[in-house]
2 protein chains.
Amino acid sequence: MQESIVEIAKAASILKLLGDKTRLTMVKMLDTNDCCVCEFVEIFKTSQPAISQHIRKLKDAGVVKETRRGQWIIYSLNKSSECYPLVQNILKHLPNQDFKLQELEKQGLRISCE
Amino acid sequence: MQESIVEIAKAASILKLLGDKTRLTMVKMLDTNDCCVCEFVEIFKTSQPAISQHIRKLKDAGVVKETRRGQWIIYSLNKSSECYPLVQNILKHLPNQDFKLQELEKQGLRISCE
DNA sequence: TCAACATATAATCATTTGCTTATATAATAC
DNA sequence: GTATTATATAAGCAAATGATTATATGTTGA
């Protein structure tokens, strides 16, 4: 998990992706919980297209993958990505973000996607 | 070295900085050798101001530090930075870039800064 | 089939980014 | 001091980025 070498240009593109507060937080959240778009929309208090566009970039880079579950699309970390070890190592340095989902739960807003 | 927690916003700003091929390569190079601006200018085949501006961003974020040596300014990784552990962990995933300095040496262009 | 919901895509726009050229600052060597 | 060298800063500009609004697509359930 620790020692995987990623080409410089590829690594730079991954770091650039993660170099956005919204995307970085999303990925950290996905490290412990799969999430759907509607949850992110609630949590980041931004528009649904904005979230969709962030997710698309992460998906295009292979960082996340999607699974359709009925009308919802559930996103999760793509553990078989070439850059997953790099991403993991970065996430280790970030504070846990589970409280965000817990807050959603308190407001009863998380039930929708189950 | 491994487990240091960095605030999400701070981490995102560091990742954004490293999310540029030129800066990422520079930092990887500095991991094994201190360098001066003129070396980077040769290596990246770009203008001196462009290099200066990249270095300034890295310096402002505390990623690198400078030491003046006569008319040269030698840059090195700032190992006492709060985000040094994060940076180190990222660099581990990158291919060694020493060949770049070796090529410079072959051309005799590295002597200038010694 | 159609209304409602979840998500994606397109078009647009203001902001940020990274480069260039021109110029300033600082140290060295004569 | 003055020329030379190394580096920094400023101004300007084209390209990339991230948001918004409007619209399209796809799924569910009556």
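Naming: A, B, ... by sequence-line order, numbering from 1 per chain. Keep in mind it's a predicted model, so treat the numbers as computed, not measured.
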Looking at [X], does any N or O in its side chain come under 4.0 Å of the phosphate oxygens OP1/OP2 on [N]?
{"X": "A:Ser52", "N": "C:dT7", "value": "no"}
{"X": "B:Ser47", "N": "C:dT20", "value": "yes"}
{"X": "A:Thr46", "N": "D:dT20", "value": "yes"}

- prompt: Any side-chain donor-acceptor pair under 3.5 Å between B:Gln88 and B:Asp31?
  reply: yes
Quickly work out the [X] [atom1] to [N] [atom2] distance and round it to whole Å.
{"X": "A:Ile55", "N": "D:dG18", "atom1": "CD1", "atom2": "P", "value": "14 Å"}
{"X": "B:Arg69", "N": "C:dA26", "atom1": "CZ", "atom2": "C1'", "value": "17 Å"}
{"X": "A:Leu24", "N": "D:dG18", "atom1": "CG", "atom2": "C1'", "value": "16 Å"}
{"X": "A:Glu42", "N": "C:dT7", "atom1": "CD", "atom2": "P", "value": "11 Å"}
{"X": "B:Phe44", "N": "C:dC19", "atom1": "CZ", "atom2": "P", "value": "10 Å"}
{"X": "B:Leu18", "N": "C:dG18", "atom1": "CG", "atom2": "P", "value": "12 Å"}
{"X": "B:Glu66", "N": "C:dT25", "atom1": "CD", "atom2": "P", "value": "17 Å"}
{"X": "B:Gln53", "N": "D:dA11", "atom1": "CD", "atom2": "P", "value": "13 Å"}

For [X], which contact category applies under a 4.0 Å heavy-atom criterion: base, sugar-phosphate, or nothing?
{"X": "A:Tyr75", "answer": "sugar-phosphate"}
{"X": "B:Lys16", "answer": "sugar-phosphate"}
{"X": "B:Lys59", "answer": "nothing"}

Counting only side-chain heavy atoms from C-beta out, which of [options] sits nearest to [X]?
{"X": "A:Arg23", "options": "D:dT27, D:dG18, D:dT21", "value": "D:dG18"}
{"X": "A:Lys57", "options": "C:dG18, D:dA10, D:dT17", "value": "D:dT17"}
{"X": "B:Gln71", "options": "D:dA6, C:dT20, D:dA19", "value": "D:dA6"}
{"X": "A:Arg56", "options": "C:dT7, C:dA8, C:dT9", "value": "C:dT9"}
{"X": "B:Ile73", "options": "C:dA8, D:dT21, D:dT7", "value": "D:dT7"}

- request: Would you mind telling me which residue lines up with the more 5' stretch of DNA chain C, B:Pro49 or B:His54, judged by nearest nucleotide?
  value: B:His54
message: Counting C-beta onward and ignoring hydrogens, is there a side-chain heavy-atom pair between B:Leu15 and A:Leu17 closer than 4.5 Å?
response: no
query: Side-chain contact, heavy-atom cut-off 4.5 Å: B:Glu39 with B:Lys100?
result: no
message: For C:dA8, does the base pair up with any side-chain atom of A:Gln48 as donor and acceptor (N or O, under 3.5 Å, distance only)?
response: yes
message: Can a donor-acceptor pair be found, under 3.5 Å and without considering hydrogens, that links the side chain of A:Lys21 to the backbone of B:Ile8?
response: no
- prompt: Donor-acceptor pair, A:His93 side chain versus B:Ile5 backbone, under 3.5 Å?
  reply: no
Single hit among B:Asn78, B:Ile14, B:Ile55, B:Leu86 for side chain to side chain contact (heavy atoms under 4.5 Å, CB included) with B:Val63: B:Ile14
